[in-house]
A.B. asks: 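Attaching a single structure in structure tokens format; questions to follow.
The structure presented is a predicted model; accordingly, all values stated were derived computationally and were not measured. To find a chain, count down the sequence lines: A is the first, B the second, and so on, and within it residues start at 1.
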Amino acid sequence: MKKDQNLARLLVMLAVVFALMAALRPGQFVTMANFGSMMRQFPEYGIMAIGISLTMITGGIDLGVVGTANLSAILAAKLLIGAVPRGAPPEQALPFVALAALLALACGLACGAFAGLLISRFKIPAILATLGTQQLYTGIAIGITNGRPQSGLPLLYSNLGNTEFLGLFPLSFLIFLLAALAIGLMLSRARFGTCMYMLGTNPKAAQYAGLGNASILVRTYMLSGLLSSVAGLIMMARANSAKAEYGTPYTLQCVLIAVLGGIDPNGGFGKIAGVTLAVFILQFLSSGLNMFNSISNFYRDVIWGGVLILALVVNSLLARREARLAVRRGARATRA
Amino acid sequence: MASTVLKVEGIEKSFGGVRALKGVSLEIRAGEIHCLAGENGSGKSTLIKVISGAHEPDAGWIEIGGRRLTRLSPIEAISHGVQVIYQDFSIFPNLTVMENLALNMELMDKRAFMNYRRARAIAARAVSQIGFDIDLDERVENFSVADRQLIAICRALLQDSKLIIMDEPTSALTKKEVKALFSVIKDLQSRGISILFVSHKLDEVFEISERYTILRSGENVAMGSTDELDRSAFAFHMTGREFSEESYRPAGPRGDPILSVKGLSRRGCYSGISFDLAPGEILGITGLLGSGRTELVETLFGLTRPDSGAVEVRGNRARIRSVKEAIRHGLGYVPSDRLTEGLFLPQTIERNTVIAVLDRLAGGLGLLRRKAVAETTARWIRDLSIATKDPSLPVRTLSGGNQQKVVLARWLANDLSVLILNGPTMGVDIGSKYDIHALMRKLAAEGLAIIIVSDDLPEVLACASRIIVMREGAFVRELDPASTTESVLSELSTGVA
Amino acid sequence: MITARRILARSEPWVLAAIVMLSLLIQARSGQFFTGNNLVDLARALIVPGLLSIGCMMVIVSGGIDVSFTAIASLAMYVTDKILLQSGYSGNVLLAYAMSGGFGLLLGALYGFLIAFLRLPTLVVTLGTGSLYTGLMYGAFAASASDVPPSMIAHGKEILFTATNAKLGLTSEMPSQILILVGMLALAFLLLRYTMLGRGIYAIGGDEAAAERAGFNVRLIKMFLYCFVGALAGITGISRISMMAYADPSTMLGMELTVIAAVVLGGTRVTGGLGTLTGTILGIALMTILANSLILIGIPTYWSRAFTGAVIIIGTGVTARQIASATGRRRELKKTKGGGA
């Protein structure tokens with residue numbers, strides 16, 4: 001009952017934002033070109049938002065997603081630039097592109113595993129541990145590149161990244177959909193998903209129930225790292241380069257998406273369907289605002305912050321009401 | 001005829017359509033120990049909150065200090081000498097004993113500044129009242145639950161109290177600490193302070209109180225002098241059900257031991273513990289808090305590791321290094337603190353029930369089969385008669401007894417060979433206590449091996465087929481419950497004759 | 001004996017030991033640590049993070065966490081600077097401090113309200129307000145590096161004394177703003193230790209429900225706390241731009257991470273209830289020495305960020321370990337007590 005209400009609320013919000021933008025900028029907003037460009041923009045942060053959501057469900061948070069994404073992308077870029085000579089034919093580049101992607105994914109997994117170990121084995125609070133890993137990964141990325149962008153990627157890579165399926169859907173969009181579906185299914189139906197929710201609700205009870213807390217946490221942060229590295233690869237394809245400080249504002253934006261999408265910041269509750277809707281809402285808002293020349297880009301920060309706080313206020317007021325109702329319903333059911 | 005300290009009559013209170021109190025009366029005389037008893041949800045807590053001024057009653061009146069009032073503010077309650085010691089003691093674990101004792105006084109006096117010399121004087125006065133010897137400069141989190149309770153009592157005495165209300169004061173105490181608490185209560189009584197002792201534990205009510213009031217579903221069902229009350233009447237008033245005091249003897253062991261513990265030791269916790277457990281047995285392990293009883297079973301369940309010794313399951317050496325491995329060996333453990341260790345309170349009853357058997361309910365790709373999950377849950381709700389209509393409600397909405405049954409169901413749903421219960425009926429109302437005892441007997445009769453860890457001696461005597469007493473981490477003696485008594489067990493656990 | 005154990009159970013002596021060892025290491029490798037100008041440079045670098053850490057520590061003690069105080073400091077000082085410049089103000093710098101402190105107080109009051117009255121999670125709220133305030137600064141005020149009024153330039157040039165390194169011919173000046181740090185530390189110390197308000201902050205961090213029952217006005221205390229933190233951030237902003245002699249809107253952004261790490265390093269319990277100003281300043285000193293001495297011990301600047309990250313991880317890891325072992329000891333203690341008789 002509760003989940004449906006949250007999703008319904010988000011759908012209404014999505015419709016309102018869409019209608020508003022369509023009404024104010026009809027010639028620009030409701031166009032194929034705009035939808036095409038939106039589909040290219042949101043997958044990178046949308047995928048990271050899913051990663052952060054997972055960690056928030058287990059009662060933590062991963063503030064290191066952007067650092068992980070950039071470090072993974074830089075490693076892949078270094079490999080590609082070093083191994084593929086300029087102007088090499090696609091056949092020659094393809095195995096290296098595959099290898100670079102694998103390297104990036106492995107890097108994401110390792111980054112996540114490290115954060116997971118800090119949290120589960122060394123008992124560092126997730127906020128601090130991932131503040132630390134964000135600094136560390138970004139720092140390593142700066143250190144090995146001297147802070148310079150890594151460009152000169154083989155043409156094949158950006159071509160692949162910009163492939164459109166059915167002449168409409170970019171590869172990155174499909175990857176986002178696939179990730180959202182797979183993670184959503186895992187959370188709602190798989191054993192591991194249930195364990196994540198339970199761990200996020202009460203870690204001690206999870207320990208006594210034999211769920212294996214350390215392993216759940218490490219795997220959760222590895223998943224978050226993996227998703228981040230996928231986002232890193234997408235960012236690299238879009239910018240046609242990799243840099244240590246790409247996408248810095250994404251951290252906040254992803255937390256915002258997670259909270260807006262109904263993930264409980266205290267852990268234990270939330271669904272990927274909500275997160276996906278929140279991604280769409282934000283993208284509509286952001287693309288729509290871009291169509292107003294008088295609005296500075298920096299107002300987006302204001303709106304992000306404002307929407308985040310509004311989402312918190314609304315969610316907490318509604319949660320309080322629902323808790324009251326649940327207790328009353330429970331009291332009635334027990335008596336009956 | 002003793003004078004009356006506090007009298008309430010016809011108190012009604014509703015919360016959002018639910019009537020918690022339906023015209024309740026209570027009279028407490030000067031210098032008496034009065035017991036307020038009732039099951040969970042009977043309205044005890046609401047009544048206390050009305051008396052202490054935390055809730056405003058919808059109807060009825062309160063007579064205090066010779067005045068008849070229709071409502072009371074918290075400040076008025078305190079100025080009339082009413083003090084409440086809540087279950088969590090309302091204590092700051094991070095502050096020193098001195099500050100914990102003095103802060104309330106200082107806040108009452110509306111002080112804006114902290115004067116440490118004055119605070120120390122207040123604290124010293126507070127502890128001297130009951131001759132409590134404690135380091136005033138140590139942080140409270142470094143003390144045991146019993147010490148924290150005494151701190152709370154000292155704090156309450158500072159306010160020139162006439163009536164001290166203790167809300168379930170013994171729920172986290174060991175037998176020995178309860179004894180110490182009772183002597184403090186008697187001491188307070190001798191100084192003319194009245195005590196309202198809130199409890200649902202029958203033995204305590206008989207031991208400490210002179211008069212009693214029993215509530216059920218927000219109504220007075222009985223009141224009078226404790227001398228004239230007997231056990232079965234008490235249980236009947238509490239629950240509205242008749243219980244026959246079964247005298248039960250377990251069938252005893254059948255066949256080879258399923259679990260053998262050989263010289264198990266863990267430094268600082270317990271040492272050299274050995275015993276065998278066969279199917280159909282209920283082994284009682286008793287001892288004081290700190291006797292190593294909890295630590296021992298937590299090792300068996302893979303939560304900690306032993307330094308030496310061995311555990312055998314079905315005659316084979318078992319290295320249990322994690323809870324997962326313990327579960328694989330067919331062990332189940334109901335922890336002592338249900339709310340923090342046992343349950344995922346805001347999650348559904350269903351999830352709480354099936355969490356330990358998810359593996360078996362998962363199909364291909366690790367996806368759960370929804371129908372199997374629902375069927376398993378429905379079966380255990382039925383088999384253990386868990387009072388709920390909707391397993392998708394949060395487990396928090398259940399009563400203590402039903403919550404405990406959910407934890408039990410979680411393990412029974414597994415292919416269990418050994419069930420370990422730590423404080424099986426702690427904080428559970430009488431009705432559920434009978435249910436849980438009956439269930440343990442049934443399970444043993446069906447061939448399950450059960451270990452109960454408890455310092456509720458009557459419970460151990462009534463349920464166990466064998467009893468092991470532990471003291472200071474060591475095995476003291478094994479006893480046959482048929483030929484022993486509470487006082488023998490108590491002497492063995494304390495080491496004092 | 002008990003007192004010795006109690007002292008060693010705290011983290012301040014360990015942080016101090018780390019500082020001493022690090023100083024000796026740097027001295028041994030560069031010979032430049034214990035020189036007047038280096039020490040003055042360190043003190044100078046410590047002022048702004050030191051000021052910020054006071055508020056940060058108080059928030060963590062109360063059981064919250066704040067990642068937006070640098071945004072407040074930046075926005076408050078920038079708006080103040082713009083107003084003073086446009087009005088051509090040339091009077092006393094105190095007005096600048098009062099204005100910026102006042103703006104900071106208002107900005108702190110906004111999220112204080114959300115946290116105190118709506119009980120929203122502090123991390124997410126302050127992530128939101130941080131973004132809001134930075135966005136306002138860059139959007140509404142179109143912030144970019146700008147001049148500061150003459151009074152601030154003069155204020156920035158007030159020097160207490162000058163230290164000279166004869167060997168290298170370097171001089172370093174001790175800015176008067178160090179007095180603000182000392183003053184604020186004293187104020188915070190008195191507040192935290194000798195007022196019921198301050199004890200209330202600790203009480204809330206220990207057990208919020210108990211604080212309410214004991215008669216603390218929890219909402220007002222939290223409201224005060226975030227207003228205080230905001231005002232302190234605003235004041236810090238003016239000190240910063242006075243010392244720099246120009247107003248760079250981005251100069252303090254991002255500093256919040258190191259400040260939080262330093263506060264935790266200094267022994268403040270992340271879950272609230274425990275924390276001292278001594279520990280906080282020691283933590284800040286350790287971080288400052290590390291950051292300022294990387295070159296002295298031969299770590300290239302490109303790696304400084306990775307180094308900070310590693311320090312945060314190791315520092316918080318050690319603190320977390322310490323807490324874990326302290327709880328372990330406590331459990332032992334309880335056991336022996338229970339089984340003793």
Side-chain angles (χ1 to χ4, degrees), chain A residues 1-4 57-59 120 181-216 219 223 264 266-270 319-336, chain B residues 15-18 20 41 217 298 301-303 322-328 331-335 337-347 349 351-352 354-356 358-363 365-370 373 387-390 392-399 402 407 410-411 414:
Chain A
M1 228 173 290
K2 186 178 168 184
K3 61 193 173 200
D4 297 342
I57 284 173
T58 61
S120 64
L181 279 176
I183 301 286
L185 189 68
M186 181 203 79
L187 280 177
S188 62
R189 294 287 309 279
R191 177 185 184 279
F192 183 61
T194 309
C195 288
M196 285 170 65
Y197 283 115
M198 298 305 251
L199 173 64
T201 307
N202 183 349
K204 197 157 191 192
Q207 188 194 353
Y208 276 86
L211 303 188
N213 292 13
S215 128
I216 295 175
R219 280 188 281 165
L223 255 181
D264 185 341
N266 300 317
F269 293 93
R320 239 177 264 175
R321 205 189 62 180
E322 269 159 26
R324 268 204 308 278
L325 289 179
V327 169
R328 216 174 294 165
R329 241 182 300 146
R332 226 172 288 143
T334 317
R335 256 202 312 279
Chain B
F15 297 101
V18 178
S217 312
E298 292 200 337
F301 196 54
L303 285 156
S322 70
V323 175
K324 271 191 177 161
E325 285 175 339
I327 294 172
R328 214 171 297 138
L331 269 63
Y333 178 57
V334 178
D337 189 342
R338 181 173 58 243
L339 299 181
T340 66
E341 297 166 349
L343 291 168
F344 305 88
L345 287 174
Q347 296 284 356
I349 295 167
R351 276 186 165 172
N352 272 283
V354 299
I355 185 67
L358 288 177
D359 281 326
R360 286 203 277 123
L361 301 174
L365 291 170
L367 295 187
L368 298 172
R369 287 172 290 132
R370 282 185 187 161
V373 171
T388 180
K389 277 192 158 171
D390 184 357
S392 72
L393 286 172
V395 78
R396 178 173 49 200
T397 58
L398 295 179
S399 70
N402 283 306
V407 185
R410 177 188 303 166
W411 296 118
N414 223 326

A.B. asks: For chain B, which of R191(A), Q207(A), M186(A) has the most heavy-atom pairs under 4.5 Å?
C.D. replies: R191(A)
A.B. asks: Under a 4.5 Å heavy-atom cutoff, which of A205(A), G212(A), A209(A), C195(A) has the most pairs with chain B?
C.D. replies: A205(A)
A.B. asks: Are more than 12 heavy atoms, taken from residues, nucleotides or ligands other than R370(B), located less than 6.0 Å from that residue's CZ atom?
C.D. replies: no
A.B. asks: Counting only non-hydrogen atoms closer than 4.5 Å, does Y197(A) touch chain B with its backbone (N, CA, C, O), its side chain (CB onward), both, or neither?
C.D. replies: both
A.B. asks: I'd like to check V323(B) versus Y208(A) (side-chain heavy atoms, cut-off strictly below 4.5 Å). Are they in contact?
C.D. replies: no
A.B. asks: Starting at CG of L199(A), measure out to CD1 of I57(A) and round the result to the nearest 0.5 Å.
C.D. replies: 11.5 Å
A.B. asks: With only heavy atoms counted, which part of I355(B) is less than 4.5 Å from chain A, the side chain, the backbone, both or neither?
C.D. replies: both
A.B. asks: Could you look at L339(B) and say if it's the side chain, the backbone, both or neither that has a heavy atom under 4.5 Å from chain A?
C.D. replies: backbone
A.B. asks: Could you look at D359(B) and say if it's the side chain, the backbone, both or neither that has a heavy atom under 4.5 Å from chain A?
C.D. replies: both
A.B. asks: Among S392(B), G363(B), P346(B), S322(B), which has the most heavy-atom pairs under 4.5 Å with chain A?
C.D. replies: P346(B)
A.B. asks: Are any of the side-chain heavy atoms of L223(A) and I183(A) separated by less than 4.5 Å?
C.D. replies: yes
A.B. asks: Got a sec, which pairs hit salt bridge (charged side-chain N to carboxylate O under 4.0 Å, His left out) with one end in residues 193-202 of chain A, sequence neighbours left out?
C.D. replies: none
A.B. asks: Non-hydrogen atoms of chain A under 4.5 Å away: do they reach the side chain of E298(B), the backbone, both or neither?
C.D. replies: side chain
A.B. asks: Looking at T340(B) and K204(A), what are the two nearest heavy atoms and their distance?
C.D. replies: O-CB, 3.6 Å
